[in-house]
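Chain identifiers are assigned alphabetically (A, B, ...) following the order of the sequence lines, protein sequences preceding nucleic acid strands; residue numbering begins at 1 within each chain. Computed from a prediction, not measured in an experiment: that's the story for all the values here.
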Amino acid sequence: MEERSNCAPHSWSESVVLDVKPLRSLAPMYPAPLGQKNTFSPPNAPPFVSVTTPFGSFTTESAFPPGFCPLFPSFAASHDVNQKPVDVNFVNNANGFARASEGPDINGSLHNASPSPSFQTPPAAIVSFNKEEPLASGASPPYGRTIKRSPCSNSIHIGNSETEGSNKKRIKTRRPKATGGDLSLLPSSSHDPREPVEVVLMTFDALRRRLMQLDESKRLRPDLKAGTIMMSSDLRANMVKRIGQVPGVAVGDIFYFRIEMCLVGLHSQSVAGIDYMTARFGNEEDPVALGVVSAGVYDNEEDNVDVLIYSGQGSSSKDDQKLERGNLALEKSLHRANEIRVIRSAKDPFVLNGKIYVYDGLYKIHESWVEKGKSGFNTFKYKFLREPGQPDGIAVWKMIEKWKQNPSSRANVILPDISSGIENMPVCLVNDVDDEKGPRYFAYSTTVSYSKPITSSRPLHSCMCNSVCMPGDSNCSCLHQNGGFLPYSSNGILISCKPLIYECSVSCQCPTNCRNRVTQRGVQVHFEVFRTRDRGWGLRCWDAIRAGTFICEYVGEVTESIQGVEYDEENDHIFQPRHADQGFKWNYVPELLGEPSSVDLSEISKPLSFIINSKNMGNISRFMNHSCSPNVFWQPVVHDHGDDGFPHIMFFAAKHIPPMTELTYDYGPSSAEMGDYVQSRRTKECFCGSVKCRGFFG
DNA sequence: GAAATCTCAAGAAC
DNA sequence: CGTTCTTGAGATTT
């Protein structure tokens with residue numbers, strides 16, 4: 001199967017600098033209502049939102065992470081092209097299907113109908129993050145684009161300008177703190193379209209988790225509220241509708257809420273299943289479908305993952321469906337033969353409603369018909385066939401389903417469980433790549449060992465809760481230890497990263513199923529240790545992992561310093577808690593909730609001066625490779641002793657991680673970068689492949 | 001545990 | 001430009 005790159009193409013390891021400025025009221029202008037060729041009046045003195053998140057900084061007006069400068073500095077220059085439908089030229093192929101003429105395709109990917117000359121799927125690298133992106137053009141010279149750097153947000157720091165006449169929600173803002181060396185504000189060389197997509201998803205989910213924490217009663221829907229904040233702040237990607245591939249969104253990407261797909265431009269309907277727009281074909285215009293969400297209740301052929309039978313929209317239980325809106329667009333798409341994005345739902349027992357969304361790539365409609373539904377009314381049906389040559393999407397899920405039912409059906413297994421049963425779930429060892437029979441011997445353990453006994457500097461914290469610790473319980477001392485909030489949501493998701501988390505300890509009265517005992521319960525998902533192509537062994541997971549999910553502890557022998565640890569070429573199994581700020585980039589942006597800017601946690605967190613050596617003894621964590629754009633970060637946690645200087649190192653998912661994606665974390669700056677010349681010989685060349693790769697690590 | 005009920009936001013249409 | 005309509009998701013209750 002297709003192995004996803006281990007390296008998400010950006011780093012979230014830059015410093016968090018936040019600068020949220022008042023919103024302007026421009027948002028509703030883009031994209032213009034379909035078919036409406038109204039003119040656009042440029043905003044007067046647009047205030048804008050500029051946020052530097054873990055993934056970079058962006059603004060409303062030029063909503064780019066560092067290095068993402070708008071291609072069209074002037075709003076006026078590009079606005080009105082967006083008001084017009086996409087212009088697509090098609091030619092008929094031999095089959096009688098209308099087919100798009102092939103146009104230049106910078107990505108070399110199989111996507112779409114690359115109509116010429118006035119519509120072109122944008123090269124991914126220049127796709128922007130904001131609504132001003134000048135594609136889908138029916139009027140402007142499409143090939144006249146030059147990649148320009150405008151004086152964009154990176155260098156602009158405007159204070160608290162106020163929005164005049166904005167009917168949008170205003171968000172209290174604050175000037176960015178001038179941190180030493182604003183590295184994150186420097187232009188980056190990255191033109192990776194995935195970066196803004198991941199920034200949006202991460203910002204959204206951090207907000208959602210925080211809202212959930214603030215309102216445990218769940219009277220409000222945190223997903224909707226976070227979505228509204230993101231929408232009104234224009235914190236979204238790919239705002240212009242397009243046919244085919246969406247820059248920065250890959251086949252197999254997973255989503256936990258419909259609104260997430262809206263925010264990244266994959267499917268702009270927050271509720272409806274069919275997304276569509278008016279496109280121009282020569283002198284004609286037609287509504288065409290852009291994407292559908294299949295909630296999984298259709299009479300789909302289960303075994304054939306390349307076929308989807310999709311039902312039209314409209315209340316089929318009350319009346320015949322009508323050939324309008326989405327249904328009409330699907331019908332037109334059958335004749336225009338344009339590519340349509342398909343999002344399918346998959347069962348995920350780890351989430352409350354039991355399902356998540358998987359982007360399954362591009363399909364075309366090959367057939368349509370009308371049939372009587374159960375209630376006796378006419379329902380439209382559309383037969384979608386998956387375009388060939390795409391990486392596996394939902395097929396990965398189907399494959400893993402089979403593996404879970406029958407583990408022996410997993411080919412190339414060297415060992416069914418390298419933990420020999422001591423993890424909650426088996427961890428199989430597989431090699432789909434070469435003849436290596438396994439890693440060098442080590443003793444599998446789920447707990448760290450200390451070179452000398454921990455001498456607690458203070459008594460072990462403990463609470464007197466009779467039952468599980470409850471949020472808002474002022475009597476729970478563990479709650480106080482953690483700043484008044486439980487660090488995990490009710491389903492065990494880490495809400496935000498902290499210098500240190502105090503889980504309930506062995507001295508606490510609460511039971512083991514207490515919400516504040518997440519990491520001590522151990523691994524909960526199904527891992528496999530696998531052979532990578534160029535980085536030895538690696539770690540990945542059969543399950544989809546939601547951002548904030550506990551992965552595992554770094555297990556090994558804990559010693560106070562690296563002195564005395566024998567170094568050799570083979571010994572790359574040392575964890576050093578350098579660069580303790582790495583997780584904080586993941587946290588929510590307080591300003592978006594009207595909260596004061598948070599203090600820089602990296603300044604108050606004490607540097608940790610121990611190492612963990614997993615050469616001879618360890619768990620799955622010793623197989624996790626380095627990436628400069630990781631999908632996992634570590635978080636110090638204490639629960640079984642009172643010495644805050646020796647916390648457990650616990651790994652959590654930084655992003656939603658699709659099944660079978662390699663798990664990686666940032667090993668930290670290389671020893672040379674840290675000024676440690678003695679240790680700099682340990683520095684290794686990095687093969688992570690990230691566009692933000694630093695070249696060397698640890 | 002499945003079905004009914006409730007509430008909700010975004011985009012399309014008007 | 002503002003208002004209404006359309007669309008089911010997601011949570012809760014039965």
Side-chain angles (χ1 to χ4, degrees), chain A residues 25-41 43 82-83 85 131 165-169 204-205 207-208 211-212 215-236 238-241 255-279 285-298 310-319 321-330 343-349 351-357 374-375 379-380 489-491 546:
Chain A
S25 56
L26 200 57
M29 293 294 296
Y30 294 91
L34 288 182
Q36 206 173 317
K37 293 170 187 171
N38 57 316
T39 50
F40 164 83
S41 14
N82 288 328
Q83 315 298 323
K131 57 196 166 224
S166 169
N167 56 357
K168 292 234 146 202
K169 191 183 301 179
F204 164 80
D205 206 52
L207 269 182
R208 187 190 62 81
L211 289 165
M212 200 164 48
D215 179 31
E216 288 279 350
S217 68
K218 286 180 187 167
R219 292 219 182 276
L220 57 81
R221 290 257 310 270
D223 59 315
L224 292 184
K225 182 138 190 217
T228 304
I229 293 172
M230 298 288 289
M231 287 280 182
S232 63
S233 308
D234 281 348
L235 296 176
R236 46 197 298 197
N238 301 311
M239 282 181 78
V240 170
K241 291 192 172 215
F255 303 89
Y256 287 79
F257 295 95
R258 290 285 304 260
I259 195 73
E260 290 181 321
M261 297 187 284
C262 294
L263 291 170
V264 301
L266 180 63
H267 191 88
S268 58
Q269 299 293 328
S270 66
V271 177
I274 305 168
D275 193 12
Y276 57 100
M277 73 182 290
T278 302
E285 281 182 11
D286 263 339
V288 289
L290 305 177
V292 297
V293 178
S294 167
V297 289
Y298 304 98
Y310 192 83
S311 301
Q313 65 187 185
S315 54
S316 54
S317 60
K318 290 178 191 158
D319 200 359
Q321 287 187 346
K322 297 188 182 70
L323 193 59
E324 57 186 26
R325 303 169 188 272
N327 299 342
L328 180 61
L330 288 171
I343 295 116
R344 312 178 80 146
S345 67
K347 282 182 192 154
D348 185 344
V351 292
L352 198 65
N353 62 5
K355 76 175 181 194
I356 71 174
Y357 300 98
K374 281 173 189 163
S375 47
T379 309
F380 289 102
S489 70
S490 57
N491 54 352
R546 186 178 202 164

* Should A:Y256 be listed as having a side-chain N or O under 4.0 Å from OP1 or OP2 of C:dA9? -> no

* **Salt bridge A:D215-A:K225, side-chain N to carboxylate O under 4.0 Å** =>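 Salt bridge: no.
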
Roughly, in whole Å, what's the span from [atom1] in [X] to [atom2] in [N]?
{"X": "A:E324", "N": "B:dC14", "atom1": "CD", "atom2": "P", "value": "9 Å"}
{"X": "A:M277", "N": "B:dA12", "atom1": "CE", "atom2": "P", "value": "9 Å"}
{"X": "A:N327", "N": "C:dT6", "atom1": "CG", "atom2": "C1'", "value": "12 Å"}
{"X": "A:D348", "N": "C:dA9", "atom1": "CG", "atom2": "P", "value": "17 Å"}
{"X": "A:H267", "N": "B:dA12", "atom1": "NE2", "atom2": "C1'", "value": "13 Å"}
{"X": "A:D223", "N": "C:dT12", "atom1": "CG", "atom2": "P", "value": "11 Å"}
{"X": "A:F257", "N": "C:dG8", "atom1": "CZ", "atom2": "P", "value": "20 Å"}
{"X": "A:N353", "N": "C:dA9", "atom1": "CG", "atom2": "P", "value": "10 Å"}

* Measure the CE-OG distance between A:M212 and A:S490 for me, rounded to the nearest 0.5 Å. =>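 One finds 6.5 Å between CE of A:M212 and OG of A:S490.
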
* Asked: How far does CG of A:L211 sit from CG of A:D223, to the nearest 0.5 angstrom?
  ->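 Reported value, rounded in 0.5 Å steps: 10.0 Å.
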
* To do: Determine, stepwise, if the pair A:F255 / A:L266 fulfils side-chain contact (heavy atoms from CB on, under 4.5 Å).
  => CA-CA 10 Å; A:F255 303 89; A:L266 180 63; 3.6 Å; yes

What N/O pairs connect the protein and nucleotides 7-11 of chain B at under 3.5 Å? Give each pair on its own line.
| unit_1 | atom_1 | unit_2 | atom_2 | d |
| --- | --- | --- | --- | --- |
| B:dA10 | O4' | A:S270 | OG | 3.1 |
| B:dG11 | OP1 | A:R236 | NH2 | 3.2 |
| B:dG11 | O3' | A:Q269 | NE2 | 3.2 |

* To do: State which residues pass salt bridge (Lys or Arg N to Asp or Glu O under 4.0 Å) with A:R208; sequence neighbours excluded, sorted by chain then number.
  =>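 By the salt bridge (Lys or Arg N to Asp or Glu O under 4.0 Å) rule, A:R208 matches A:D205.
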
* **ring pair (Phe, Tyr, Trp, His ring centres under 6.0 Å) involving A:F257 - partner list, sequence neighbours excluded** =>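 Once residues adjacent in sequence are excluded, A:F257 has no partner under the ring pair (Phe, Tyr, Trp, His ring centres under 6.0 Å) criterion.
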
* With sequence neighbours left out, what residues match A:N491 under side-chain hydrogen bond (donor to acceptor under 3.5 Å, both in side chains)? -> A:S489

* Structure fact -> Residue set satisfying side-chain hydrogen bond (donor to acceptor under 3.5 Å, both in side chains) with A:Q269, at least two apart, ordered chain then number -> none

* Asked: If you fit an axis to the five pairs at each end of the helix from B:dA2-C:dT14 to B:dC14-C:dG2, how big is the angle between those two axes, to 10 degrees?
  ->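 Axis angle across the helix from B:dA2-C:dT14 to B:dC14-C:dG2, nearest 10°: 10°.
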
* Asked: Between A:L263 and A:R236, what is the shortest heavy-atom contact and its length?
  ->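 A:L263 and A:R236 have their closest heavy atoms at O-CB, 3.1 Å.
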
* When you measure from the side chain of A:A272, which nucleotide among C:dT7, C:dA9, C:dA11 comes out closest? -> C:dT7

